[in-house]
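Only a predicted model underlies this, so the values are computations on that prediction, with no experimental measurement involved.
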Amino acid sequence: MTFNKKFLTIYSLIITFIAIVVGYPSQAQAKTYDIGTDITFAPFEFENDKGEYEGIDIDLLNTIAKNKGFKVNLKPLGFDSSIQAVQSKQIDAMIAGMSITDERKKSFDFSEPYFDSGIQMAVKKGNDSITKLEDLKGKIVAAKVGTESATFLEDNQKKYGYKVNNFDDATGLYQALKNGEADAIYDDYPVLGYAISQGQALQFVGDKITGSSYGFAVKKGENQELLKLFNEGLKELKENGGYDKILAQYIATGSEADATIDTTEMKKITPKKDKYVIASDSTFAPFEFQNTDGEYVGIDVDLINRIAEMQGFNIEMNYIGFSSAIQAVESDQVDGVIAGMTITDDRQKKFDFSEPYFQSGIQIAVAEDNNDITSYEDLKGKTVAAKIGTESADFLETNEATYGYKIKYLDTTDAMHSALEVGAVDAFMDDYPITDYGINQGKKIKTPIAREEGGSYGFAVKKGQNPELVAMFNEGLAELKRTGEYDEIVGAYLGKEDEEQVADKADESTFMGVVKNNWQRLLKGLGMTLLLTAISFVLAMILGVILGLFSVSPSAILRGISTVFVDLIRGIPLMVLAFFIYFGLPGVLGMKIPVFIAGIVTLTLNASAYISEIVRGGINAVDKGQMEAARSLGLSYGKTMKRVILPQAVKVMIPSFVNQFVISLKDTTILSAIGLIELLQAGKIIVARNLQATTVYFLIALLYFIVITALTKFAKRLEKKVN
């Protein structure tokens, strides 16, 4: 009896040991499976701002793997590549929002459905007029091309009487809804739910229309143990509530009560550069402009500076004008642009935009004492001004026949104000923040007609570049809106001016007020003009004289070099040359060119071509007999030019040299197109703030007149002295 008990005890211990030894490796060395997935199918799988893949599919897979004791080697190959990789046995399975269809069941074994998809209608948040399909009669409904939503809308268009507008991507759908191009949109309901959770101002309408079911898939007849583990893990998640929690992290319901996403904390994005260069406009008040202290301020300026501070990245602002800013981003001279830039479909082909940070609009303005215009009908027979190529111009052109007004096209906002003041137009139309800013600056105008909805402004980077910069902007913008600081920034410029600040400055509605507040900036601009002219002219003289001597050289090669250079430079408009050097040449050289250097090079090349011709003309003006006589006396060609020809030619050239200096001085105004703040651009910046165009441009003309008159008198005295 004792022996049997000992035997049984030993036997039990042996069996237990064997079980532990045999079982341990299966637990300690869990099998690893290669799982393919898509890369751009939010909210099921996508890359977050840290470069990590996440989403409903990823979280489900990782949770099930952890619970069931196997490991996952995720392969983000894309949908089509994942299908091919499973079929060729390069990977073990795939999870990628893959619909379970009879056709696919011939090649794959699917898990139990882990998600029942479907399409859903959404409208702008707060829209209570559309609650069902019947409410869409006469409305515009948008969907993505080639989707279940588009097919559904086409099939039911006649029944419910709506119009269909198709877009290529979800961004187009959301933008159409915001801008009023669509009254409702249809898309896969999880995609819309994710958009809502990310801050899109949408709400669901009606019930979901059931679509296909998504399944985890393996190759037909392969990896059945993996399929079994996935099904078991999915069932457990649904029973313990883990499944619902995962879905709730990515899909919002669209209701006011939805609180699945924690929006109370801002994510800190890691910058990838020590400093980001941000381009902006310089004359677009109230978004970016110089205040009376010469500092750049405005809605855009305050937003980007505050977001940079909150997110912890460094920026360098480059106020080079709207067109130059866009080209600078495209040519990689800068990293991003914020300049009241409207988000459009065409621009989205070249730029990646942030979430909209300002919803603009356009509005009619009339003189403050004008009580005759209170509606569009009152504009019949009147003249209305708009800036060329703007939303205002497009709106006026579209409605010209309806309301019977005439359109006058002008280049700038201050030109429209001036035209209204002198009675050249009866009204003008502009972006409403610009008009409001003018009213706050004391302009005697008012806006009797309600504004029209306009486009959305966005922060932009070059397509495919600096995604972390956009992510940082979006996070900072969301935080500013959550805390109310965004409203404070916008209100500071669209509200009334700070009375203490106004009291510290002279009244710029008077001539002396403009002079007192701005004489330093105008003189600084004049200093830049003179510096650019002086440096470039010295360099142009050296190059021009050399080329001029080449042009009269006995050597055909040297004459050819001079001819080609002069014809090439003189045949290119100066602005085109400036654009090529600043925006085009960096792409060829692979290096950035500072705007000041680009300006010097532009003026130097242009002036040297003309100086070359002045030199050639001056030399040819000397009697040819002088050269022949000197050579017959045994002087070399070089000594003859130096001692005989050039001393006489210089007397002829001096007036032309001074004239060319004056031309170069005037040509500096063109360099404002690439962002150089010379005298004219300094004036434009001042006008953008105070809208006193007549006074400011008179002062600029006066400064040019004084400088050029002084140069002309100097040239005449020098000419007399030399002769």
Side-chain angles (χ1 to χ4, degrees), residues 42-43 115-213 247-248 250-261 343-345 355-356 359-362 375-376 391 394-395 398-399 402 449-456:
F115 190 87
D116 293 323
S117 188
I119 59 175
Q120 180 93 35
M121 188 201 311
V123 296
K124 188 183 292 186
K125 194 171 183 179
N127 183 346
D128 298 324
S129 62
I130 299 175
T131 59
K132 54 187 181 299
L133 279 164
E134 286 76 11
D135 295 333
L136 293 176
K137 187 174 182 179
K139 308 288 187 183
I140 299 175
V141 190
K144 290 183 291 190
V145 179
T147 60
E148 279 187 286
S149 298
T151 302
F152 173 83
L153 290 176
E154 290 165 7
D155 291 343
N156 292 276
Q157 187 172 4
K158 290 183 179 179
K159 181 178 178 180
Y160 295 107
Y162 49 73
K163 295 179 181 179
V164 181
N165 197 356
N166 289 318
F167 290 86
D168 292 329
D169 54 31
T171 303
L173 291 183
Y174 308 146
Q175 198 63 41
L177 202 58
K178 287 179 183 177
N179 296 342
E181 297 175 47
D183 301 289
I185 60 175
Y186 261 90
D187 203 354
D188 289 0
Y189 98 85
V191 177
L192 287 174
Y194 179 72
I196 291 170
S197 75
Q198 295 301 301
Q200 289 290 340
L202 309 173
Q203 65 186 38
F204 286 146
V205 172
D207 297 325
K208 177 184 73 174
I209 299 169
T210 304
S212 56
S213 298
L247 261 60
Y250 297 98
I251 303 176
T253 65
S255 68
E256 292 294 332
D258 182 14
T260 58
I261 299 299
I343 301 170
T344 66
D345 292 337
E355 291 297 315
Q359 185 68 40
S360 188
I362 52 179
S375 66
Y376 289 117
E391 281 188 286
D394 292 341
F395 177 87
T398 302
N399 294 280
T402 303
I449 303 173
R451 70 173 182 254
E452 303 291 331
E453 288 295 324
S456 299

On a heavy-atom basis, which atom in [X] and which in [Y] lie closest, and how many Å separate them?
| X | Y | value |
| --- | --- | --- |
| Ala142 | Ala182 | CB-CB, 4.0 Å |
| Thr131 | Asp128 | CG2-O, 3.7 Å |
| Ile362 | Phe395 | CD1-CB, 3.6 Å |
| Gln120 | Gly206 | NE2-O, 2.8 Å |
| Asp188 | Ser149 | N-OG, 4.1 Å |

To the nearest 0.5 Å, how far apart are [atom1] in [X] and [atom2] in [Y]?
| X | Y | atom1 | atom2 | result |
| --- | --- | --- | --- | --- |
| Lys137 | Lys163 | NZ | NZ | 13.5 Å |
| Ile343 | Lys178 | CD1 | NZ | 7.0 Å |
| Glu452 | Tyr376 | CD | OH | 3.5 Å |
| Leu177 | Glu181 | CG | CD | 10.0 Å |
| Leu136 | Asn156 | CG | CG | 10.5 Å |
| Ile449 | Arg451 | CD1 | CZ | 14.0 Å |

* To do: Measure the shortest side-chain to side-chain distance between Ile130 and Val123 over non-hydrogen atoms and say whether it is less than 4.5 angstrom.
  =>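 Yes; the side chains approach each other to less than 4.5 Å.
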
(message) For the aromatic rings, using the six-membered ring if either is Trp, is the centroid distance between Tyr162 and Tyr186 under 6.0 Å?
(response)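 Centroid distance Tyr162-Tyr186: not below 6.0 Å, so no.
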
| request: Kindly determine whether Leu192 and Tyr174 satisfy side-chain contact (heavy atoms from CB on, under 4.5 Å), including the steps that lead there. | output: CA-CA 10 Å; Leu192 287 174; Tyr174 308 146; 4.0 Å; yes

Discussion item. Can you tell me how the ring of Tyr189 sits relative to the ring of Phe204, calling it parallel under 30°, perpendicular over 60° and tilted otherwise?
Written reply: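 Aromatic pair Tyr189/Phe204 classed perpendicular.
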
- prompt: Where do Phe115 and Leu247 land on the side-chain contact (heavy atoms from CB on, under 4.5 Å) test, with the steps shown first?
  reply: CA-CA 10 Å; Phe115 190 87; Leu247 261 60; 3.7 Å; yes

Does the side-chain hydrogen bond (donor to acceptor under 3.5 Å, both in side chains) test come out yes or no for Ser213 and Asp116, once each step is laid out? CA-CA 4 Å; Ser213 298; Asp116 293 323; 2.6 Å; yes

| said: Test side-chain contact (heavy atoms from CB on, under 4.5 Å) on Met121 and Val205; report intermediate values, then the result. | reply: CA-CA 5 Å; Met121 188 201 311; Val205 172; 3.8 Å; yes

Taking Asp155 for the side chain and Phe152 for the main chain, is one N or O donor matched with an acceptor at less than 3.5 Å?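 Side chain of Asp155 to backbone of Phe152, a donor-acceptor pair under 3.5 Å: no, none is there.
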
(request) Using the side chain to side chain contact (heavy atoms under 4.5 Å, CB included) rule, pick out the option among Asp187, Asn165, Asn166 that qualifies with Leu173. (result)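 Output: one option passes, namely Asp187.
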
